[in-house]
**Student:** 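Quick one: the structure is below, questions incoming.
All chains are named by letter (A, B, ...) in the order of the sequence lines, taking the proteins before the strands, and each is independently numbered beginning at 1.
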Number of protein chains: 2
Amino acid sequence: MAKHDPDLSLLFHALSDPTRRSILTRLAEGPARVTELADPTGLRLPTVMRHLSVLEEAGLIATAKDGRVRTCALVPEALTPVRTWLDDQRAIWEARLDRLEDYVTKLMKERSQ
Amino acid sequence: MAKHDPDLSLLFHALSDPTRRSILTRLAEGPARVTELADPTGLRLPTVMRHLSVLEEAGLIATAKDGRVRTCALVPEALTPVRTWLDDQRAIWEARLDRLEDYVTKLMKERSQ
DNA sequence: ATCATGCTTAGCCATGTCTCTAACTATACT
DNA sequence: AGTATAGTTAGAGACATGGCTAAGCATGAT
C-alpha cells in the first residue's frame, strides 16, 4: 500500500505513546524546558529527549534553545490533519448510513404500493 | 508515567499505519471479507490478517465468520475516545489562550491608568 | 578557573512491528 | 471423493521502539 499520508502516520504514531501524550497535555498549559517535562515522567533525560524528537518530527511541538536551556512549546495546528481525517472518516460513514436509509425508504415505498 | 489510557494507545497505534487506515476507509463504505480487504493492499493474506487483528484489538472493527468467509465491519463509535482526547486537548489549549488574553487585558488596563 | 547545570551523543539491550513463506484446516463445489 | 477456495498458524528476518548507562559539551554561577 502506498504511504500517501506520511504525516498522518507520524502523527498517529507520536500520539500512540502515553508518555508523549502526557507531555503534550503538560505543554498545552504552556511552554516548558526539557527537565521540567522529564521530571513527572520518571524517565531518564535521554529517553525523554527521544520522545521529544518524535513529537517534534511529527510537528506537534517546536523547540528552541536559549543558552543551555531548551524550551518546548505545543504547535496546536499540528493536530488539524488528525481531526480532518477523523471528520472525513465520519463523513464517509455517514454517507453510507444515508444511502442505507435511502435504500430502506425505497424498500418501504415499494412495499406500501 | 502511568499508562492511564491503554485504549488510546491501542487506538492511535492502530491508526498509525497507512494500510490499516486504508482498510478502515474501505470498510467505511460497507462490510467486506478478508480477501476483499487484502486485494488492494498488495500484501499477503497473513500480513493483512495481522493488520485486521490489530484493528480488532483496538475495537475499530468487528469480524464474524460464516462458513469459511470472515466478514469485517467498522465499529464507528470506536473512534470516540480519540475524538474526545482531541477535544480535551483543544479545550486545555483554549483555556490557556483565554488566560493569556486575560493577562494581556489586565496588563493593558494597568497601563492605561 | 572551577564547578554545577542542562542538555546531548553514543551505544547497549529487550521487545515489538511488519513483512514474508510454507504448511495447515475447514468449507464449498463437482 | 477429490479439488478449489478462504482463512489460519507457525516461524523467520529486518528493522524500529523504548528504555537504560556512561560519557561529553556547552553555558551559567562563584
**Student:** Rounded to whole angstroms, how far apart are CG on A:Leu15 and C1' on D:dG18?
**Tutor:** 17 Å

**Student:** How far apart are the C-alpha atoms of B:Thr19 and B:Thr47, what are their side-chain angles, what is the distance that settles it, and do they pass the side chain to side chain contact (heavy atoms under 4.5 Å, CB included) test?
**Tutor:** CA-CA 10 Å; B:Thr19 300; B:Thr47 307; over 6 Å; no

**Student:** Just jot down the side chain to side chain donor-acceptor pair (under 3.5 Å) partners of B:Ser53, sequence neighbours excluded, or say none.
**Tutor:** none

**Student:** For the pair made of CZ in A:Arg33 and P in C:dT8, what is the distance, rounded to whole Å?
**Tutor:** 12 Å

**Student:** What's the verdict on salt bridge (Lys or Arg N to Asp or Glu O under 4.0 Å) for B:Arg83 and A:Asp87, showing C-alpha distance, side-chain angles and the deciding distance?
**Tutor:** CA-CA 9 Å; B:Arg83 204 170 277 284; A:Asp87 289 346; 3.1 Å; yes

**Student:** Are any of B:His51's side-chain N or O atoms less than 4.0 Å away from OP1 or OP2 of C:dT17?
**Tutor:** no

**Student:** Distances under 3.5 Å between protein N/O atoms and the N/O atoms of nucleotides 14-16 of chain C, please, pair by pair.
**Tutor:**
none

**Student:** Measure CG/A:Leu45 against C1'/D:dG19 and give the value in whole Å, please.
**Tutor:** 14 Å

**Student:** Choose from D:dA10, D:dG18, C:dT8 the nucleotide whose nearest atom is closest to any side-chain atom of A:Pro46.
**Tutor:** C:dT8

**Student:** Has A:Arg44 got a side-chain N or O lying under 4.0 Å from the OP1 or OP2 atom of D:dT21?
**Tutor:** yes

**Student:** Can you list, by residue number, the residues of residues 53-72 of chain A that have a non-hydrogen atom closer than 4.0 angstrom to DNA chain D?
**Tutor:** A:Gly67, A:Arg68

**Student:** Quick one: A:Leu52 CG to C:dT8 P, roughly how many Å, whole number?
**Tutor:** 9 Å

**Student:** Regarding B:Arg50, tell me which of base, sugar-phosphate or nothing describes its non-hydrogen contacts under 4.0 Å with the strands shown.
**Tutor:** base

**Student:** Does a side-chain heavy-atom distance below 4.5 Å link A:Leu52 with A:Ile61?
**Tutor:** yes

**Student:** Is it the case that A:Arg70 and A:Thr63 place a side-chain donor and acceptor less than 3.5 Å from each other?
**Tutor:** yes

**Student:** Evaluate the side chain to side chain contact (heavy atoms under 4.5 Å, CB included) criterion for residues A:Leu86 and B:Leu79: first the C-alpha distance (whole Å), next the side-chain angles of each, then the deciding distance (0.1 Å), finally the verdict.
**Tutor:** CA-CA 8 Å; A:Leu86 285 179; B:Leu79 284 177; 3.8 Å; yes

**Student:** Let me know the distance between CG of B:Leu43 and P of C:dT17, rounded to the nearest Å.
**Tutor:** 17 Å

**Student:** Given side chain to side chain contact (heavy atoms under 4.5 Å, CB included), test B:His13 with B:Arg20 step by step and report yes or no.
**Tutor:** CA-CA 10 Å; B:His13 172 247; B:Arg20 288 196 287 268; 3.7 Å; yes

**Student:** Please confirm whether the shortest side-chain N or O distance from B:Thr47 to OP1 or OP2 of C:dC18 is below 4.0 Å.
**Tutor:** no

**Student:** Could you tell me the separation between the CE atom of B:Met49 and the P atom of D:dT9, rounded to a whole number of Å?
**Tutor:** 6 Å

**Student:** As a quick check of understanding, evaluate side-chain hydrogen bond (donor to acceptor under 3.5 Å, both in side chains) for A:Arg21 and A:Ser16, giving each step before the final call.
**Tutor:** CA-CA 8 Å; A:Arg21 285 198 305 278; A:Ser16 74; over 6 Å; no

**Student:** Once you measure the plane-to-plane angle for B:Trp85 and B:Phe12, does it fall in the parallel (<30°), tilted (30-60°) or perpendicular (>60°) bin?
**Tutor:** perpendicular

**Student:** Measure the distance from CD1 on B:Ile23 to P on C:dC18 and round it to the nearest whole Å.
**Tutor:** 11 Å

